[in-house]
Amino acid sequence: AFFWLVSLLLASLIWFVSVQLSDRDDSELQFALLGFGAAVSVLLQEVFRFAYFKLLKKADEGLATLSEDGRSPISLRQMAYVSGLSFGIISGVFSVINILADSIGPGIVGIHGDSPYYFITSAFLTMALVLLHTFWGVIFFDACERRRYWCLGLVVTSHLLTSGLTFLNPRYEASLVPIFILTLGTGLWAFCTAGGSYRNVLKCLSCKQEDDSRVMMYSALQVPSED
Amino acid sequence: MITFMNNSDSEEEPCNERTSLMSAESPSVPSYQDGLQASEAGEVQAHRKRRTGSSRSPNNIADGDMSDSGVPVRESTLENEEEELTLKYGAKHVIMLFVPVTLCMIVVVATIKSVRFYTEKNGQLIYTPFSEDTPSVGQRLLNSVLNTIIMISVIVVMTVFLVLLYKYRCYKFIHGWLILSSLMLLFLFTYIYLGEVLKTYNVAMDYPTLFLVIWNFGAVGMICIHWKGPLQLQQAYLIMISALMALVFIKYLPEWSAWVILGAISIYDLMAVLCPKGPLRMLVETAQERNEPIFPALIYSSAMMWTVGMAKPDTAARGPSQQTWDAAEDGGENHRSPSHADSQMSETRSPVPTRPITSFEEPEEEERGVKLGLGDFIFYSVLVGKAAATASGDWNTTLACFVAILIGLCLTLLLLAVFKKALPALPISITFGLVFYFSTDNLVRPFMDTLASHQLYI
């Protein structure tokens, strides 16, 4: 979360400077600068995700060398998941908490001509974004680990795409639906990257069999000693 | 006057009863299972050496250093184990401190956001006599700097006074001072707080009920903090009084003075703990020379209780309620005398008198928690509370400061694990917090607001 915040800080700095240097009255320009700021922010987020990956790798090596059996207590996949989740949470919270705070107070949504579905779509978009960050985290770390740079590029592109799609608000069918499709797709990709498969799901759902086999082995071991 | 005492890190001397209780217990320790105890004592001390002792702002005591006198030899042989265990349990200690700091901040932010009283300007403390209502920016800045100088010098004077009292063994005076200050916090400030909360939610309460509630709250608090009580209750009370103190500061410190004071106090903290002639460092060293605990009442201890042993063989026969009390007593004490083996405590906690001690060996490693001074809690909460109060109604700033402070705490604990001596907990966190506050308020907020108004997501 800290890394995400720092990236946001830098992006806001860049945007702020660009706004200060530009003409305030030109609304087209301001909107374009906003788009530019958003793109810079997305890129910086990915850069910091990479930096965090490097940091975690170092920590992982340190933990591995110090532990008894040469393996670190946390696997890289768990770290990837946690990192993605925390990026998602802080990003989602930053996007939505002011809206939530405002939603308590008295008011009418969209009275000035904006969409009356602002709150509900914000909620859905935030949810999609949180999930997406989690998935991107998993895919990103795995891609960095295995040096599959095309995966990295794809993650960055999909992030840019998501952010760009939100520019189509308030035409929600054009932005919300593709974003959700993207979320589902990225979710499946992350699931496969993390080692999941159809068989795994089935095995998980019918988890009793594994215990039975272990019990059988144990009793098989015990029989001779009892004799 | 009294408002300050908590702040100026009153290192407290344990009361006479407690020292006598402890010394009464310790001779009996060797009488029980000498062999087992000796080896375990050695191991425990080795663990303690490495244990992330304490990082606290005013009262920086490394728990590990307490046992320094005992076993330098063991340390060298167990160094590798130490490092590994440091890292392994370091995360646990970080979490153990995250929770109370977060709770304190939540209480403060919730109060600030809902109760109007704490954001209204109703005068200033006598420690900040210069007003900030001046028209020019330069004058305002000058006034806030002067306020800070006065405040910090009051803190320094108080701390030095306290250290002198401690050096010359005026324990009764210190103890009385601390009791008076916690009395005021627990009764007067709670009464005001409760009154304001009731006013905000328009709930009527009659005086007899109010008296009953406040009396019970305050009396139990006094007992928990200064004497014995369940560890979690004591922790809860310490969090509450830190939150109350922080609220008082947020209300009565003028805007710019508050920020300058936060910055100045982290610099002071850095110097007081790390400089050889710093008052806090002298305090820690004096306490270590005398092998005494420094602070029963003004340090938050996240440790579990299993240390000071009741080594008598019949302790196991005591009922479970006794066990909790004994356990709580240890929780209330900061000092774990090196001679006390943890095995003794585990003996008492066993419900079955005949259970062997070895079954409790593993939890031994878990007990030594981390200690953080209440001053740290207070200033962290002041920072986050001020962010919540003055950041244009924006939650992003509050959250950013919160994350920054926690990361600072994390880094401080990491440094503690590396250096293994008392460290100031304020500088890193407050620096991060201040940087994030000002940058989020001025840079990130317009960006996020503009994005949100177009419903854009990044």
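A note on names: the letters A, B, ... follow the listed sequences, proteins ahead of strands, and every chain is numbered from 1. What you see is a predicted model; the values in this text were computed from it and never measured.
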Output for pair (Leu168(A) CG, Leu456(B) CG), nearest 0.5 Å, gives 10.0 Å

To the nearest 0.5 Å, how far apart are CG in Leu451(B) and CG in Leu34(A)? 5.0 Å

Should we count OH of Tyr81(A) as having more than 12 external heavy atoms under 6.0 Å? no

Is the ring pair Phe447(B)/Trp15(A) parallel, tilted or perpendicular, if the boundaries are 30 and 60 degrees? tilted

Engaged part of Leu129(A) at the chain B interface, taking heavy atoms whose separation is under 4.5 Å: side chain

Count the heavy atoms belonging to other residues, nucleotides or ligands that lie under 6.0 Å from OH of Tyr117(A), then report whether that count exceeds 12. no

Take a 6.0 Å sphere around CZ of Phe98(B) and say whether it holds more than 12 heavy atoms from other residues, nucleotides or ligands. yes

Value rounded to 0.5 Å, distance of CD in Gln455(B) from CD1 in Ile99(A): 6.5 Å

Contacting region of Ser175(A) [heavy-atom separation from chain B under 4.5 Å]: neither

Which bit of Ser95(A) comes within less than 4.5 Å of chain B, counting heavy atoms only: side chain, backbone, both or neither? both

Given heavy-atom pairs under 4.5 angstrom as the criterion, report whether the side chain, backbone, both or neither of Ser122(A) touches chain B. both

So, the part of Ile90(A) with a heavy atom under 4.5 Å from chain B: the answer is side chain

Measuring from Ile458(B):CD1 to Ser91(A):OG, what's the distance to the nearest 0.5 Å? 6.5 Å

Taking atom CG of Leu399(B) and atom CG of Asn98(A), what is their separation to the nearest 0.5 Å? 9.0 Å

Could you tell me if the side chain of Val444(B) sits less than 4.5 Å from the side chain of Phe16(A), heavy atoms only? no

Rounded to the nearest 0.5 Å, how far apart are CG of Leu5(A) and OG1 of Thr440(B)? 7.0 Å

Do other residues, nucleotides or ligands put more than 12 heavy atoms under 6.0 Å from Leu21(A) CG? yes

With a 4.5 angstrom heavy-atom cut-off, is it the side chain or the backbone of Gln45(A) that approaches chain B, or both, or neither? side chain

Proximity breakdown for Tyr118(A) and chain B, heavy-atom pairs closer than 4.5 Å: both

Heavy atoms from other residues, nucleotides or ligands near CD of Glu28(A) exceed 12 (cutoff 6.0 Å): no

Heavy-atom neighbours of Phe438(B) CZ exceed 12 at 6.0 Å: yes

List the steps and the verdict of side chain to side chain contact (heavy atoms under 4.5 Å, CB included) for Thr126(A) and Tyr457(B). CA-CA 8 Å; Thr126(A) 312; Tyr457(B) 282 75; 3.4 Å; yes

Take a 6.0 Å sphere around CG of Leu198(B) and say whether it holds more than 12 heavy atoms from other residues, nucleotides or ligands. yes

